[in-house]
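Below is one structure, written out as structure tokens; comments come after it.
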Amino acid sequence: MIDPQMLFRKGQIQQGMHIADLGCGRTGHIVFPASNIIGEEGIVYAVDILKDVLKIVRKRAKINNEENIHTVWADLEQVGHTSIPEDSLHVGYLVNTLCQSQDIPAIMQEASRLLREKSRLVVVDWSKKDIPFGPNEENYVDFEEVKDLAKDEGFTTQEEFGAGDYHHGLVFFRHE
């Protein structure tokens, strides 16, 4: 439902970058195609709270000989506990992650902790309601709140965009 190539353009990823899919899920929708773009010198961190999901991603990466994919088990709601070096990421992706959270401010703080100066955070989540799939009504993300939280973490809103028929996206940029 969400075109990863569009997300890569929004994040402006390129060879040699260190990026993270924060809440990667079992399909590796962002992880695997990003691996090809960033190349051998880059790193894609596949982060998830479900260990069985990470096992699937790790197995597929090994089969495909994609050594630049690193799986990381983490509860993103626990600030300071994701084992990715602080201030190291060029781009972070939160795709359909915030709608599953009970503590969006903590996730935004943790993403901020991991992102370096002059970095981007791309947030995409469900926007279309009254459909038979997607999150429960109470779990839809308030994008204005997300923009406020990003601002509190030193990011400016660089862009808002439609991400397919059911999703809305935000690109945040940290310049200091």
Side-chain angles (χ1 to χ4, degrees), residues 2-25 28-39 41-49 68-127 140-164 167-176:
I2 303 168
D3 175 13
Q5 298 303 321
M6 182 223 3
L7 298 182
F8 301 152
R9 288 189 300 274
K10 300 294 183 188
Q12 299 183 17
I13 69 168
Q14 47 194 289
Q15 239 179 359
M17 284 186 161
H18 292 198
I19 71 167
D21 184 359
L22 304 166
C24 66
H29 182 70
I30 291 174
V31 172
F32 292 101
S35 170
N36 295 327
I37 296 170
I38 64 159
E41 300 300 315
I43 297 174
V44 178
Y45 293 100
V47 181
D48 210 284
I49 194 168
N68 61 355
I69 295 174
H70 299 253
T71 57
V72 177
W73 177 84
D75 179 350
L76 294 169
E77 293 179 348
Q78 300 298 311
V79 179
H81 289 102
T82 304
S83 60
I84 295 172
E86 195 167 314
D87 300 320
S88 68
L89 297 177
H90 296 95
V91 183
Y93 288 96
L94 287 166
V95 179
N96 290 339
T97 301
L98 298 182
C99 68
Q100 300 177 56
S101 173
Q102 300 302 310
D103 193 352
I104 293 172
I107 290 179
M108 294 297 288
Q109 286 177 336
E110 184 66 346
S112 176
R113 183 182 74 81
L114 301 173
L115 287 157
R116 63 192 296 162
E117 226 178 274
K118 297 185 180 174
S119 62
R120 285 182 176 75
L121 177 61
V122 180
V123 176
V124 176
D125 226 302
W126 293 90
S127 61
Y140 278 81
V141 172
D142 178 344
F143 289 98
E144 292 303 316
E145 177 190 0
V146 173
K147 287 194 283 189
D148 290 342
L149 292 168
K151 184 177 181 181
D152 291 347
E153 294 298 326
F155 289 91
T156 58
T157 302
Q158 187 175 40
E159 182 181 358
E160 287 195 57
F161 60 97
H167 295 84
H168 184 74
L170 300 166
V171 178
F172 299 111
F173 183 69
R174 175 184 289 148
H175 51 82
E176 296 182 349

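These numbers come from a predicted model, not from an experiment.
Aromatic ring pairs are classed by plane angle as parallel below 30°, tilted from 30° to 60° and perpendicular above 60°; the pair Y93 and F8 is perpendicular.
Between the Q14 side chain and the I38 main chain, no donor and acceptor come within less than 3.5 Å of each other. Looking only at distances, a side-chain donor or acceptor of D48 sits under 3.5 Å from a matching main-chain atom of G25. Formation of a donor-acceptor pair under 3.5 Å by the E153 side chain with backbone atoms of M108 is not found in this model. A donor-acceptor contact shorter than 3.5 Å links the side chain of S101 to the backbone of D103.
Taking the side chain as every heavy atom from C-beta outward, D3 and R9 approach each other to under 4.5 Å. Counting only heavy atoms from C-beta outward, the side chains of S112 and F172 never approach each other to under 4.5 Å. Residues F143 and D125 form a side-chain contact, since some pair of their non-hydrogen atoms from C-beta on lies under 4.5 Å apart. E110 is not listed as a side-chain neighbour of Q78, based on a closest heavy-atom distance of 4.5 Å or more. Residues H29 and V95 have side chains not in contact (no heavy-atom distance under 4.5 Å, counting atoms from C-beta outward). A heavy-atom distance below 4.5 Å is found between the side chains of W73 and I49. Between F173 and K118, some side-chain heavy-atom pair lies under the 4.5 Å cut-off. T97 has its side chain out of reach of L22: every pair of non-hydrogen atoms, C-beta onward, lies at least 4.5 Å apart.
Applying the side-chain contact (heavy atoms from CB on, under 4.5 Å) test between I84 and each of L114, L115, I43 identifies L114 as the sole match.
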Tell me, with the steps shown, if V124 and F161 meet side chain to side chain contact (heavy atoms under 4.5 Å, CB included). CA-CA 9 Å; V124 176; F161 60 97; 3.9 Å; yes
Test T82 against R113 for side chain to side chain contact (heavy atoms under 4.5 Å, CB included), laying out the working first. CA-CA 10 Å; T82 304; R113 183 182 74 81; 4.0 Å; yes
Test side chain to side chain contact (heavy atoms under 4.5 Å, CB included) on K147 and E160 and set out the steps. CA-CA 10 Å; K147 287 194 283 189; E160 287 195 57; 2.6 Å; yes
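Of all non-hydrogen atoms in P33 and Q5, the two that sit nearest each other are CB-NE2, 4.0 Å. Residues A46 and V31 approach most closely at CB-CG2, 3.7 Å, considering heavy atoms. Between C99 and V141, the shortest heavy-atom contact is N-CG2, 3.7 Å. Shortest non-hydrogen contact noted between G16 and H90 is O-CE1, 4.4 Å. Contact between N68 and G39 at its shortest, heavy atoms only, is ND2-O, 2.8 Å. Taking both residues in full, the closest heavy atoms of G11 and V91 are given as O-CG2, 3.3 Å, listed atom of the first, atom of the second, then distance.
Residues passing the side-chain hydrogen bond (donor to acceptor under 3.5 Å, both in side chains) test with K10 are E159, sequence neighbours excluded. Contacts of N96 classified as side-chain hydrogen bond (donor to acceptor under 3.5 Å, both in side chains), with partners at least two apart in sequence or in another chain: W126, H167. Every residue was checked against the side-chain hydrogen bond (donor to acceptor under 3.5 Å, both in side chains) condition with Q15, not counting sequence neighbours, and none meets it.
L149 contributes atom CG, which lies 10.5 Å from atom CD1 of I107 (distance to the nearest 0.5 angstrom). The distance from the NE2 atom of H81 to the CG atom of D75 is 9.5 Å, given to the nearest 0.5 Å. To the nearest 0.5 Å, atoms OG1 (T157) and CG (D148) are separated by 8.5 Å. Taking CZ of F155 as the start and CZ of R174 as the end, the distance is 3.5 Å to the nearest 0.5 Å. Atoms CD and CD1, on Q12 and I19 in that order, are 13.0 Å from each other to the nearest 0.5 Å. Here CD1 of I13 is found 12.0 Å from CZ of R120. Values are rounded to the nearest 0.5 Å.
Other residues, nucleotides and ligands contribute only 12 or fewer heavy atoms inside 6.0 Å of the CD atom of Q102.
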